[in-house]
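Single-structure report; data block below.
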Amino acid sequence: HHGGLAILGGILVAIIAAFIFSKSRNLPFLKILDLIAPFVALGHSIGRIGCFLNGCCYGMPSKFGIYFPVHNDVLIPTQLISSFLLLILFIVLRLRQSRPHLAGEIFIGYILYYSALRFLIEFLRADSPKLFLGLTIFQYFCIVLFISGALFYNLTWKRKTS
């Protein structure tokens, strides 16, 4: 009802579950993350349509938006924008999956692109309070997620090319 860190928490739990699963079956952890990452983006895209239908994760008032009866206002449909961009991310990741890539590269691509996408969409949303420097808590999480993903990718790339 009041929102939360659903997708960010979900990503963390999925990583932990994939790690436990991969270790219990003696499977390559990063390859499992690469396998599921595009479908996480697809599921997230479909989930944002649910957000639109529910009226949560809404954007700021705008004369060019969509009328939301639950808010009795015309708002930017950030849920639909996110859904569309996540669908594009799914397509890009699936295409990338079919080409040679480093283990973990697809998953890190998801993390990097999603954190950047969410960071930017937050400027259009009106359901999260602004904190320090006018950013939302989600934007700060996205900054940490993006930096972590970039560091992981850089460390993985250096390890593979050394």
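Values in this document were obtained by computation on a predicted structure and should not be read as measured data.
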Can you list the other members of the hydrophobic cluster that holds [X], where links are side-chain heavy atoms under 4.5 angstrom apart?
{"X": "I46", "value": "F39, L42, L87, F90, I91, L95"}
{"X": "I16", "value": "L12, I20"}
{"X": "I32", "value": "F21, L27"}
{"X": "F64", "value": "none"}

So which pairs with a foot in [range] pass side-chain hydrogen bond (donor to acceptor under 3.5 Å, both in side chains), sequence neighbours left out?
{"range": "residues 86-96", "answer": "R94-Q97, R96-E105"}
{"range": "residues 20-32", "answer": "none"}
{"range": "residues 57-69", "answer": "Y67-N72"}

Looking only at atom types and distance, does a side-chain atom of [X] sit under 3.5 Å from a main-chain N or O of [Y], one as donor and one as acceptor?
{"X": "S115", "Y": "I111", "result": "yes"}
{"X": "S45", "Y": "L86", "result": "no"}
{"X": "S82", "Y": "I121", "result": "no"}

Tell me every residue that passes ring pair (Phe, Tyr, Trp, His ring centres under 6.0 Å) with [X], counting only those two or more places apart in sequence or in another chain.
{"X": "H101", "value": "none"}
{"X": "F146", "value": "none"}
{"X": "Y113", "value": "none"}
{"X": "F123", "value": "F119"}

* Does anything in residues 123-140 pair up under salt bridge (charged side-chain N to carboxylate O under 4.0 Å, His left out), and if so which pairs, sequence neighbours excluded? ->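 Sorted pair list: E122-R125, R125-D127.
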Would you indicate whether the side-chain heavy atoms of [Y] and [X] approach each other to under 4.5 Å?
{"X": "I106", "Y": "L33", "answer": "no"}
{"X": "L131", "Y": "I137", "answer": "yes"}
{"X": "I81", "Y": "I76", "answer": "yes"}

Contact summary for [X] and [Y], nearest pair of heavy atoms:
{"X": "V74", "Y": "G65", "answer": "CG1-C, 3.4 Å"}
{"X": "Y140", "Y": "L133", "answer": "OH-CB, 3.8 Å"}
{"X": "A150", "Y": "L112", "answer": "N-CD2, 3.5 Å"}

* So how far is it from F152 CZ to L155 CG, rounded to the nearest 0.5 Å? ->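 It is 8.0 Å, given to the nearest 0.5 Å.
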* To do: Show the numbers, then the answer: is there a side-chain contact (heavy atoms from CB on, under 4.5 Å) between Q79 and I49?
  => CA-CA 6 Å; Q79 316 93 324; I49 294 169; over 6 Å; no
* To do: Applying side-chain contact (heavy atoms from CB on, under 4.5 Å), run through L102 and L30 and close with a yes or a no.
  => CA-CA 9 Å; L102 297 173; L30 293 177; over 6 Å; no
